[in-house]
Amino acid sequence: MIWVIAVTIFWIAALGVNIRIANSAWGNTRAGRIFVPVLFGLTILIVWEGLVRGLQIPAVILPPPSAIAVRFSESLDILWMDFVQTFLKGALSGFAIGCGAAFLTAILIDRSPFLQRGLLPVGNFIAALPIIGTAPILVMWFGFDWQSKAAVVVAMVFFPMLVNTVQGLKETEAMQRDLMHTYAASYWQSLFKLRLPAAMPFVFNGLKISTTLALIGAIVAEFFGSPTRGMGFRISIEVGRLGLDMVWAEITVAAIAGTLFYGIVTLVEKKVTFWHPSQRK
Amino acid sequence: MRSIIPILTVVAAIFAIWFVGSFFMNKQWTLDQAERAGTTLSFSEVLADTMTQERPKLPTPIQVFDELWETTGAKVLDGKAMSKRSLIYHGWITLSSTLVGFVIGTLAGILLAVGIVHNKAMDMSVMPWAIASQTIPILAIAPMIVVVMNSIGVQGLLPKAIIAAYLSFFPVVVGMVKGLRSPNAMQLDLMKTYNAGQFETFWKLRLPSSMPFLFTSLKVGIAASLVGAIVAELSSSPLAGFGGRMLSGSYYGQTIQIWSALFAAAIVAACLVGIVGVIQQLTLKKMGMAQ
């Protein structure tokens, strides 16, 4: 009971601090904008810990964050092995192949308005479908190892990436293209010097959507069969054994990997599209 | 309208590639069988066999659509529409948890967005997490939620609906916050000169101008809900729904069953997104916002 009361008091106190900061001059500074969400996140963790201890919730339903942290630090080698299998081998290679193929396809069909008019609506349509459902088929075709996971990721990222790139390649204005024409620029010159740079904001939009899809595809595909390692494999096995602290540790890894992956793509985007209005300060 | 011919061409090309793919992927099995039987087959015999195998590596479109018809339309004609071998039965299981989850997720998302727009502390604490959570593979927690809820005695539709709700929640929050903030300073000032309070500004300006954003998020959300329900079904017992059909198909090597479940799921997804799209057009037209 003492735990429940303690975390309630802590929660009210943290809430009060956050409200005070948000409504003061601090709230508009950079430090305030970082401090408030961090305190909010910490509050959730502490309230979670306190409630689990205070109400004596069994660990097979919801383990406390401290137990998850202990499990995390104890099984770093397993987590790393799973990370390599799922993220580096499955998700990343699929991401590279899928996005690369979509990018090249977009440039190829760029020369044919007929193909564009046909492929864009179809691509948009397919991008809205539950492509994750191809996982059992692709696992059957490519076996249990990472190749099948990469194939699922390719299937998932291809169309969002294709649609975005094709859209981006249309972004130049007639005036800009005419200017390239007066410079006697060839098709390839105007592609590399004008249209690809102009397409980059869209390309990166596609890449950013694909980062999340890649991780989801690689993890869910492992539910349909995998070697005895991998994040999705570990999650489904440990759920079956009610080792929920390990499941949460894997989810932490997935969250960190997903955020970092997205963050890195965003950083590259900032460097590449520094000229775009959305990136200017 | 001038896009129809290109679209049909692309679709036709996809089916053509599919048939050719079926032939090449299923050929090996046919040839192996023939070799074991000690016979040699002519090309047309091989072709005929690759199109009609019972457990092909890649079923042909005809086989898939036959299976789709047999498990839906034919069952209805037999009066067994809700039997366990009918895709309508499984589709309904998936659809019901999708829709329940979608409604819960959307309502919760709109409520949170309203809070975020009106309360600065909430905005600063929650919004960064809502955005960050979109980069996290949330689907990974689906098996855990299903099993944990099962162990505290909650079964059936609810665990799947929770996952579906969870997946549609964040797109709606992010979209609605953007939408509720879309009125510009001039419009907000005008409301002030009318002596409108926060409540009236919300109902008469913020909410109406958020509609285009809301519908865009709803389209993303309902597709995500369906994916969530399907993935949740992978770990629910008894195996049912589209996800269950896919998993049991993959256990027993019933490729045609997997493909038909996949296509049925795709059709349902397309219909759901289409329905949201129609509602969007009607609403925006009525509100004078249609582009």
Side-chain angles (χ1 to χ4, degrees), chain A residues 15 18-19 21-23 27 32-33 36-37 39-41 60-62 114-122 125-126 128-130 132-137 139-141 208 211-212 215-216 219-220 223-225 231-232 235-236 239-240 242 244 247-248 250-251 254-255 257-259 261-263, chain B residues 2-3 5-11 13-14 25 57-58 119-129 132-144 146-148 151-152 219-220 223 226-227 230-231 234-235 242-243 246-247 249-250 253 255 258-259 261-262 265-266 268-270 273:
Chain A
L15 197 68
N18 261 354
I19 292 175
I21 291 181
N23 294 324
R33 274 205 302 272
V36 171
L39 181 63
F40 179 75
V60 292
I61 291 179
L62 186 67
F114 180 81
L115 269 182
Q116 275 184 34
R117 279 210 303 276
L119 262 180
L120 259 194
V122 176
F125 176 75
I126 296 178
L129 300 181
I132 194 78
T134 57
I137 298 158
V139 169
M140 258 181 208
W141 286 359
K208 284 198 280 189
T211 56
T212 322
L215 209 46
I216 291 176
I219 291 178
V220 174
F223 295 160
F224 287 99
M231 290 153 84
I235 288 175
S236 55
V239 159
L242 293 177
L244 287 196
V247 176
W248 279 100
E250 285 289 350
I251 290 171
T259 317
F261 194 11
Y262 189 89
Chain B
R2 65 196 190 109
S3 306
I5 293 173
I7 292 177
L8 288 180
T9 316
V10 167
V11 173
I14 290 175
M25 294 194 69
K57 264 190 138 177
L58 174 60
N119 184 329
K120 195 165 175 216
M122 214 162 157
D123 175 22
M124 289 181 69
S125 348
V126 180
M127 205 51 197
W129 294 109
S133 73
Q134 293 203 303
T135 66
I136 296 172
I138 301 177
L139 262 183
I141 66 168
M144 184 175 66
V146 171
V147 170
V148 166
S151 72
I152 57 174
K219 279 190 199 163
V220 177
L226 184 68
V227 172
I230 291 176
V231 173
L234 298 180
S235 14
F242 289 143
M246 285 173 194
L247 194 61
S250 106
T255 38
I258 303 179
W259 278 89
L262 179 63
V268 169
V273 176

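A note on names: the letters A, B, ... follow the listed sequences, proteins ahead of strands, and every chain is numbered from 1. Worth saying up front: this structure is predicted, and the values here are computed from it rather than measured.
Contact between A/A254 and A/I219 at its shortest, heavy atoms only, is CB-CD1, 4.1 Å. Across A/T211 and A/K208, no two heavy atoms sit closer than the pair OG1-O, 2.6 Å. The shortest heavy-atom contact between A/W141 and B/K57 is NE1-O, 2.9 Å. In this structure, A/F223 and B/P143 approach most closely via the heavy-atom pair CZ-CG, 3.6 Å. For B/M246 against A/G133, the heavy-atom pair with the smallest separation is SD-CA, 3.8 Å.
Between B/I258 and A/M140 the shortest side-chain heavy-atom distance falls below 4.5 Å. For the pair B/L234/A/F224, a side-chain contact is recorded, criterion being any heavy-atom separation below 4.5 Å from C-beta on.
When heavy atoms are compared at a cutoff of 4.5 Å, A/F114 approaches chain B by way of both its backbone and its side chain. Proximity to chain B involves both the backbone and the side chain of A/I216, based on heavy atoms less than 4.5 angstrom apart. Contact of B/M122 with chain A is not made at all, since no heavy-atom distance falls under 4.5 Å. A/L119 touches chain B through backbone and side chain together, each having a heavy atom under 4.5 Å away. Residue contact with chain B, scored on non-hydrogen atoms closer than 4.5 Å, involves the side chain of A/L242 exclusively. Contact of A/S236 with chain B is not made at all, since no heavy-atom distance falls under 4.5 Å. Proximity to chain A is limited to the side chain of B/P128, based on heavy atoms less than 4.5 angstrom apart. Proximity to chain B is limited to the backbone of A/V60, based on heavy atoms less than 4.5 angstrom apart. At a 4.5 Å heavy-atom cutoff, the contact between B/L226 and chain A is made by side-chain atoms alone.
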Pair A/V122-B/I7, side chain to side chain contact (heavy atoms under 4.5 Å, CB included): steps then yes or no: CA-CA 7 Å; A/V122 176; B/I7 292 177; 4.0 Å; yes
Trace of the side chain to side chain contact (heavy atoms under 4.5 Å, CB included) decision for B/M124 with A/N18: CA-CA 9 Å; B/M124 289 181 69; A/N18 261 354; over 6 Å; no
Side chain to side chain contact (heavy atoms under 4.5 Å, CB included) evaluation trace for B/I136 with A/I251: CA-CA 9 Å; B/I136 296 172; A/I251 290 171; 5.7 Å; no
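Top candidate by heavy-atom pairs under 4.5 Å with chain A, chosen from B/S133, B/A121, B/A13, B/A261, is B/A121. Contact count versus chain B (heavy atoms, under 4.5 Å) is highest, among A/L39, A/V220, A/L62, for A/V220. Of the residues considered (B/T255, B/V227, B/L262), B/L262 shows the highest number of contacts with chain A, using heavy-atom pairs under 4.5 Å. Taking B/A223, B/G253, B/A266 one by one and counting their heavy-atom pairs under 4.5 Å with chain A, the maximum is reached by B/A266. Chosen from B/N119, B/I14, B/L58, B/V11, the residue pairing most often with chain A at heavy-atom distances under 4.5 Å is B/L58. Chosen from A/P130, A/G225, A/G232, the residue pairing most often with chain B at heavy-atom distances under 4.5 Å is A/P130.
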